[in-house]
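Encoded as structure tokens, the structure appears first; notes follow it.
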Amino acid sequence: NWKLSEGLKRVELFGDVRVRYAGRSAEDPAGGHIDLQRFRYAVRLGLRGEVFDDFYYGLRLDTSSNPRSSWATLGTSSSGTPYQGPFGKSTATIAIGQAYLGWHPADWLDLTVGKMPNPLFATPMVWDPDLNPEGAAERFKYTVGSADFFATFGQFLYQDVNPSSASGGLGFNG
């Protein structure tokens with residue numbers, strides 16, 4: 001944690017580096033055989049913290065532009081397009097993994113917009129922790145005695161079905 005100015009209450013540098021070997025093979029009934037052996041890596045590096053008036057923020061860079069995973073492959077597959085040989089860098093990128101701004105004005109209310117950590121209750125069996133939904137989320141929590149009541153609402157961009165028109169014919173953009 002760093003103390004930079006009065007407006008910035010807290011700044012935290014966070015991230016991780018992961019490496020793995022993935023070996024997969026499959027055989028079809030006709031005897032066709034596929035082997036996939038590769039070394040994979042993921043690097044995630046970010047800043048998060050709090051600013052004045054109960055606002056918080058986060059920005060994280062990932063090693064892959066894949067929205068479902070930050071894993072990248074060392075080199076490329078021989079069937080990759082375009083094939084760049086064993087030292088190809090076709091899957092190596094730097095992408096925005098998270099970029100969000102939130103506001104926590106009261107103990108019972110939390111509002112977040114942007115590409116955020118998953119705000120919904122989930123376990124790794126249900127929802128991969130690498131997924132970062134884009135949109136807005138509202139979290140409410142109210143305590144009565146020893147019981148906590150909560151509700152989370154989210155409006156997330158799932159798919160852009162008409163990239164040539166931002167409004168889909170709703171009267172915006174002509």
Side-chain angles (χ1 to χ4, degrees), residues 1-20 40-73 89-174:
N1 289 329
W2 300 306
K3 180 76 171 176
L4 299 176
S5 75
E6 291 301 318
L8 293 174
K9 292 181 182 177
R10 186 174 63 89
V11 177
E12 177 185 0
L13 178 66
F14 70 98
D16 60 358
V17 176
R18 300 174 285 167
V19 179
R20 76 176 188 202
R40 308 207 68 204
Y41 66 95
V43 178
R44 300 184 299 186
L45 182 63
L47 290 172
R48 62 183 166 216
E50 299 172 10
V51 293
F52 61 90
D53 292 336
D54 301 314
F55 283 92
Y56 59 92
Y57 62 91
L59 175 67
R60 188 184 79 198
L61 300 178
D62 293 354
T63 53
S64 175
S65 59
N66 184 336
R68 296 178 303 168
S69 173
S70 58
W71 288 98
T73 301
K89 303 289 189 270
S90 66
T91 62
T93 62
I94 295 177
I96 303 289
Q98 294 177 355
Y100 61 90
L101 181 64
W103 186 39
H104 189 70
D107 290 340
W108 58 272
L109 177 62
D110 190 335
L111 308 170
T112 310
V113 296
K115 188 171 185 178
M116 66 193 85
N118 185 3
L120 304 174
F121 176 77
T123 67
M125 262 180 85
V126 176
W127 195 324
D128 191 319
D130 284 341
L131 293 176
N132 299 290
E134 299 178 50
E138 305 83 28
R139 289 177 282 208
F140 302 91
K141 179 181 171 187
Y142 190 72
T143 302
V144 177
S146 62
D148 288 333
F149 298 94
F150 68 94
T152 302
F153 299 95
Q155 301 78 43
F156 304 125
L157 177 63
Y158 179 70
Q159 179 180 8
D160 187 3
V161 295
N162 189 359
S164 63
S165 174
S167 67
L170 296 175
F172 303 106
N173 297 330

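Applying the 6.0 Å contact sphere to CG of L111 captures more than 12 heavy atoms from other residues, nucleotides or ligands. Heavy-atom contacts from other residues, nucleotides or ligands closer than 6.0 Å to OH of Y142 number 12 or fewer. Within a 6.0 Å radius of CG in D148, other residues, nucleotides and ligands contribute more than 12 heavy atoms.
Between the CZ atom of R139 and the CZ atom of F153 there is a distance of 13.0 Å, given to the nearest 0.5 Å. Going from atom CD of Q98 over to atom CD of E134 covers 11.0 Å, rounded to the nearest 0.5 Å. Atom CG in L120 sits 5.0 Å away from atom CZ in F156 (nearest 0.5 Å). In this structure, D54 CG and K9 NZ are separated by 5.0 Å, a value rounded to the nearest 0.5 Å. Interatomic distance, CG of L47 versus CZ of R10, reported as 11.0 Å (0.5 Å rounding). Atom CZ in R20 sits 5.0 Å away from atom CZ in R40 (nearest 0.5 Å).
The salt bridge (charged side-chain N to carboxylate O under 4.0 Å, His left out) test applied to D16 returns R18, R44, not counting sequence neighbours. Every residue was checked against the ring pair (Phe, Tyr, Trp, His ring centres under 6.0 Å) condition with W108, not counting sequence neighbours, and none meets it. Legend: residues meeting ring pair (Phe, Tyr, Trp, His ring centres under 6.0 Å) with F55, ordered by chain and number and at least two apart, are W103.
Taking 4.5 Å as the limit, every side-chain heavy atom of V113 sits out of range of all side-chain heavy atoms of Y100. You'll find the side chain of L45 stays beyond 4.5 Å of the side chain of V17, heavy atoms only. Looking at L61 and I94, their side chains come closer than 4.5 Å, going by heavy atoms from C-beta outward. Within the 4.5 Å cutoff, no side-chain heavy atoms of T152 are placed close to those of F121.
Scanning all heavy atoms of the two residues, the minimum distance from G97 to N132 falls at O-ND2, 3.6 Å. The minimum heavy-atom distance linking P133 with P119 is given by the pair CG-CD, 3.8 Å. Residue M116 comes nearest to A137 through the heavy atom pair SD-CB, 3.8 Å, listed as atom of the first residue, atom of the second, then distance.
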Could you please spell out the steps behind the side chain to side chain contact (heavy atoms under 4.5 Å, CB included) verdict for V51 and Y56? CA-CA 6 Å; V51 293; Y56 59 92; over 6 Å; no

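At least one donor-acceptor pair under 3.5 Å links the side chain of T63 to the backbone N or O of V43.
Under a cutoff of 6.0 Å and an axis angle of 45°, R60 and F14 do not form a cation-pi pair.
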